[in-house]
Amino acid sequence: MLVTKPVADLCALLIDELHGELPSRIFAILLSKGRSTLPQLVQYTSMTPRQLRHGLAVLQQHNLLFYHVDPGAEFAFYEANAEHAYNLVRTGKILEMIDSSFGAPAKDVMQNLLLSGQTRISDLVAAYQEKIEQANKEAAHVEDDDDFGAEKNGVNGDSHPGKKAGPLVKSTAHLNSIICRLVEAELIDVVHAKTFESSQDILKTVEKEVMDKYFPAGVKGNKAKVEVQERIAEGLRKVRGESKSLKRKLEQNGTAAKRRKLFAGAGMSNGSHDEDMDPALDPRQVIRINYEKCLVDLRNRRLVQFATDIFGETSAYVYGVLLKLLTKDIPRCRADAAMDFGEDKEESEKDTVSVTTDQILDNLKTSVDLSLGIGKAERRQVSSVAAEKIELFPPKKKLLIEEAEVEGEASADEDEDNESSDESEYDSDYKAPTANGTNGVNGTNGAKVKFDESAAPKERRLDRPTQLRQHLLMLAESTQRFVRHCGPNEWTVDFVPLMNALREVELDSVIERTCGRQGLRLVRILRAKGKLDEKALPNVALMRKPELQQKMLEMQTAGFVHVQEVPRDLKADVKKSFFLWFCDVDRSLSRLLDTSYTTMTHCIQVLEALRQKERDVLETTKRSDVRGREKDTMRKEYYERYSRFLECERKLFAQVMRVDDLVSVLRDF
Amino acid sequence: MASDGTADDSVKLQILKDALYDEIKQHGSETRLFTQKDLLDLNIIPNNNVLLLVRVVQGLTDDKLLVGTTNHHAGLAWRWRSREEAKKYTSLPNDETVMVYSIIDEAGADGIWNRTIKNKLNMHEAVVKNCIKFLETKGYIASMKNVEHPNKKMYIKATLRPSERATGGPWFTEGELDTAFISELEGIVFEYIKTKSAYRGSHPHAGGGPASSSTSATKLPKKGTVTAATAAPDTTTTTTARGTKRSATELSTDDTSSPAPTRSSHKPRAVFMPMPAGYKHYPTVAEIAKFIHDTGITNNTTLGEADIQQLVDVLTYDGLIESVRVGRRRGYRVTRAMKQDTVPFHKRQKEREAGVGLDQPLVAGAEPLSNGLTEAPCGRCPVFELCEEGGPVSPSNCVYFLKWLDLEDLPAAVAPNVALPT
Ligand code: SF4
């Protein structure tokens, strides 16, 4: 992650928001000065070592710090972990995701983990134990069942979810099983010695190890260089693997996990399974949230949203199920160049991960009506050959607007001809609405089940697997390439080109919202055609010259298009020069990213200003006799101001997270 | 004898002139250039007598029936001119007028700028003006507009139609890009593609207008879609905010502007749905062109397939449609079918004429997508670059945010007289 000034500002603000001013100041200094030792920090901040240590400890606790001790050195180097600092903004989103896929108790556990940073399992258990006991004592009249950890968290605005009677987590066994499941899903991993080293430091250590061990005489030749890289990658993977030790241990007890899945269904919770089946976790283990994996799930959600925008809810739901199955074993969104060196090769040699139609079918909720959200077409109107096209390999390069393709248009009837001959082969796979009688087809073995024709319902209904396939095929045919039909009834997603498409869509919507449809038109023309002389543009865009020029200037200021001057002759007379417009998507995107950070910063600053303004009201709400009963105890006018403030706070935080959606797409997914 | 000889000679010359002229006309159009060798090879001039040829050609040139030019490749060469044209030349009163007329003639269908005439002939401006006036009243030349140089006064021979280059093709009316015509046609083409490339059906969801987001997924499970937010009150997620925000705007538009039946929440409501994969009938450019032709909207302009392609490309760049290849057929389909307005474009236009929905912009296609940046005031802020805590414009005194948060009324005093971004 590239730390620019906007993101540095934002991180400092976020830490201020969540952990207070002291850690925030130290963090900001670390970001601007780079890695520093304690004495250096004393010098930079003119704080006392005691204060600094306290601040550093807070940062450390929340994994916002890297440190590195050179062997024999007196002081450790501290370094800011901007990535994790930024991740603070995603707290709410991650909790929501956990809630929707693992249920409220899991969310509660995750929330505690987020608030307290990395935690020893025994501490977590103890805290819950206390709470559970207290809850039992107070019987059903529980008010505040999750007031664990300092609630300095501004994100958690108003009320608590635990209005139901009884604590969300019912017993320590329940807690244990929740943790087990989150670990299995890789959303929680283990803290180990290397967790606090920055990736560069780890790389350096591993490099040194490899050199000492395998190449004491130095590296000669290309082959050896490749080997070095492979060894380093291997070493790095080993380090990375350490945080998954707990998961591996759980997997050795695989039977339990599998049995549970059989009973409760994948991802279903609600305590319906037997908690005793889970192995007891080592209480000394320190666990923390694994943001990398959380991001994979967040990406799935974003893609589902994207599919909703393009196709509608039903297809998007199908897509969501597909993604969930597909990404179960994908540990992170983007491969790390150094770390995954060589792994790539293996990956492409063994087949890419894919999901079968049947798997998806098994995971669809029965309440979902798949006949919705897709148009009906007569059978003869559909080319099953084209629809069922199987693409074994991911696309070589992205083709967003397929301008490059040769226009080899054939007459329609010629097309039809070769179709009819092929049609029969595909009959067993694809069922379009035929005249009467429904052929039920089992996707895998292709055995036909004929129904009695007279009994067939009047309404032409497709059977469910066919409906499902229709959605999948439609997703595969989309210009954005949501899905690749990589084998008969097998589906996969090429995330890299798809995310590129999504990034462009995000950029496009910003352009369209700020510079209008004509602005978007011009940008997309440039994207399709490369560099264009200003004189050539009006003709393609069908726009008047003066308007066009104005638009281009407007967009140049906004960083969406760029201009290049090409002198006509050696004298380079400006008046005679050509001006070539072009658009550099990457440049626009990185600018967009900075704009996003700044926008988030502004939202938080606006909130801070509001807090200042409503200081007196907020002071009152902090009083213990008012807290929790604001409505009854405060004067009407005060209460109104208070609730208005809460509303604004909610809106602003919501906006920050909306902007984060964009940042995730641009940077992390 | 001598005089007889000359008379005889002139008769002979006249015969040769006519013969040569007629033969030349047989051999090519008015634009063909004939070299001396070409003329000799016509076998009119006896004995390939070059001197005689020169005299005949000179005679024809004097009669304005041949035009001499120097050509880079062939050297001196001639074109022929029709007798009527030649008569126009000979009827002109003086040399200046002839020169002006001939230079306009030479410019052909592209026309010529009056300044160029003056410079080329090196004549006084008043003289040129007079000549032009004379020629114009005679009806020999006409003024015209060139799209490439809209401010220049151009002249063209009255018998010619301005070239495509000069008029700019079918999209131009009197030298101006006819944006009204274009956008009307775009609307029609888009409507055609929309109805031909998406399935009009009904959706059982009760919901807002065609632009509503997925907030009303009653039948869908919470997973994945944005509805899950309600279960997580303390996270105050984006999605809830977005949901409520959306529905709020939805409501207000419903109340004020849109009595159109499809916009109110009928259930089931009509929607467009995307076609299944492999659909073979997405309209092609040829079909669109035929449709446009058949409707007869473009009565006095002829639009070829290339013109329609241009229009379709623009719609593609606008992101309203996309090209799909099914088999070997390249068709076009609407993007984001579910979000399209089910009321036809021309109906919306009628409504507007009746004064309905005027507060909403009438544009083809669905509302553009949005994201966190475009919704926040900063994403559209005119002073974004200057804004900084401690600077003259800063988040803590930001008026745009106050408006966005509906807090405007509070510090009315601080609001500067800057236009709010809309
Ligand atoms: S003035 Fe307001 S809207 Fe503009 S950038 Fe600053 S905070 Fe954002």
Side-chain angles (χ1 to χ4, degrees), chain A residues 92 95-96 99-100 156-157 159-161 304 308-313 317 320 365 373-377 381-384 386-387 409-410 412 415 470 473-474 477 479 506 509-510 512-514 517 520-521 524-525 542 544 596 599 602 605-606 609 648 650-651 653-655 657-659 661-662, chain B residues 171 177 179 182 198-199 201 203 214 217 219-225 228-229 231-238 241-242 273-281 314 317-319 322-323 326-330 336 338 363 368-376 378-380 389 395-396 398 401 405:
Chain A
L95 289 178
E96 192 207 328
D99 190 21
S100 62
N156 303 347
S159 66
H160 297 287
V304 168
T308 313
D309 286 336
I310 307 278
F311 287 112
E313 290 139 17
Y317 170 67
K365 298 215 169 168
I374 201 159
K376 296 181 182 63
Q381 289 179 319
V382 171
S383 155
S384 51
E409 225 157 292
D415 198 11
Q470 275 207 333
L473 289 171
M474 188 171 79
E477 200 204 47
T479 36
E506 293 279 20
S509 48
V510 173
E512 189 167 0
R513 291 277 176 171
T514 49
R517 185 169 282 167
L520 177 64
R521 180 189 301 175
R524 291 182 40 136
I525 287 173
L542 287 180
R544 286 196 186 144
S596 309
T599 303
H602 286 177
Q605 284 169 339
V606 167
C648 290
R650 203 182 58 77
K651 252 175 116 173
F653 272 119
Q655 199 55 42
M657 285 195 238
R658 284 279 293 152
V659 179
D661 281 342
L662 179 63
Chain B
W171 308 123
L177 190 70
T179 44
I182 292 171
Y199 180 84
H203 215 251
S214 54
K219 218 193 160 195
L220 281 179
K222 285 176 172 182
K223 166 82 201 43
T225 54
D234 63 337
T235 52
T236 59
T237 52
T238 59
R242 188 160 165 246
M273 286 188 259
M275 282 303 189
Y279 183 66
K280 286 191 294 190
H281 294 271
V314 165
Y317 291 130
D318 282 357
E322 60 191 11
S323 84
V326 175
R328 271 188 269 170
R329 178 189 161 101
R330 176 192 288 276
R336 298 199 286 142
M338 298 282 268
V363 279
L369 292 170
S370 65
N371 54 37
L373 203 54
T374 58
E375 289 155 8
C378 298
R380 292 164 285 143
E389 225 25 282
S396 46
C398 171
F401 258 108
L405 290 168

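First the proteins, then the strands, lettered A, B, ... as listed; each starts at 1.
For chain A, the nearby parts of B:Y279 are the backbone and the side chain; heavy atoms of each come within less than 4.5 Å. Using a 4.5 Å cut-off between heavy atoms, A:L662 touches chain B through its side chain atoms alone. Both the backbone and the side chain of A:S596 come within contact range of chain B, judged by heavy atoms closer than 4.5 Å. When heavy atoms are compared at a cutoff of 4.5 Å, B:L373 approaches chain A by way of both its backbone and its side chain.
Contact detail for B:S396 and A:A609: the closest heavy-atom pair is CB-CB, 3.6 Å. Scanning all heavy atoms of the two residues, the minimum distance from B:T374 to A:S509 falls at CG2-O, 4.0 Å. Of all heavy-atom pairs spanning B:L177 and A:R544, the tightest one is O-NH2, 2.8 Å. Between B:M275 and A:M474, the closest heavy-atom pair is O-SD, 3.4 Å.
Comparing A:R521, A:Q605, A:E512 by heavy-atom pairs within less than 4.5 Å of chain B, the highest count is held by A:R521.
Of the possible polar contacts, one joining the A:E477 side chain to the B:G278 backbone as a donor-acceptor pair under 3.5 Å is found.
Residue B:E375 holds its CD atom at 5.5 Å from CD of A:Q655, rounded to the nearest 0.5 Å. Taken from CG in B:L405 to NZ in A:K651, the straight-line distance is 5.5 Å, to the nearest 0.5 Å.
Considering A:L520, A:I525, A:L542 as possible partners of B:Y317, the one that fulfils the side-chain contact (heavy atoms from CB on, under 4.5 Å) test is A:I525.
Side chains of B:M273 and A:I374 form no contact here, defined as non-hydrogen atoms less than 4.5 Å apart. Side-chain contact between B:C398 and A:H602 is absent, with no heavy atoms from C-beta onward closer than 4.5 Å.
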side-chain contact (heavy atoms from CB on, under 4.5 Å) assessment of A:F311 paired with B:M338
CA-CA 6 Å; A:F311 287 112; B:M338 298 282 268; 5.8 Å; no
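In this structure A:E506 satisfies the side-chain hydrogen bond (donor to acceptor under 3.5 Å, both in side chains) test together with A:R302, B:N371, sequence neighbours excluded.
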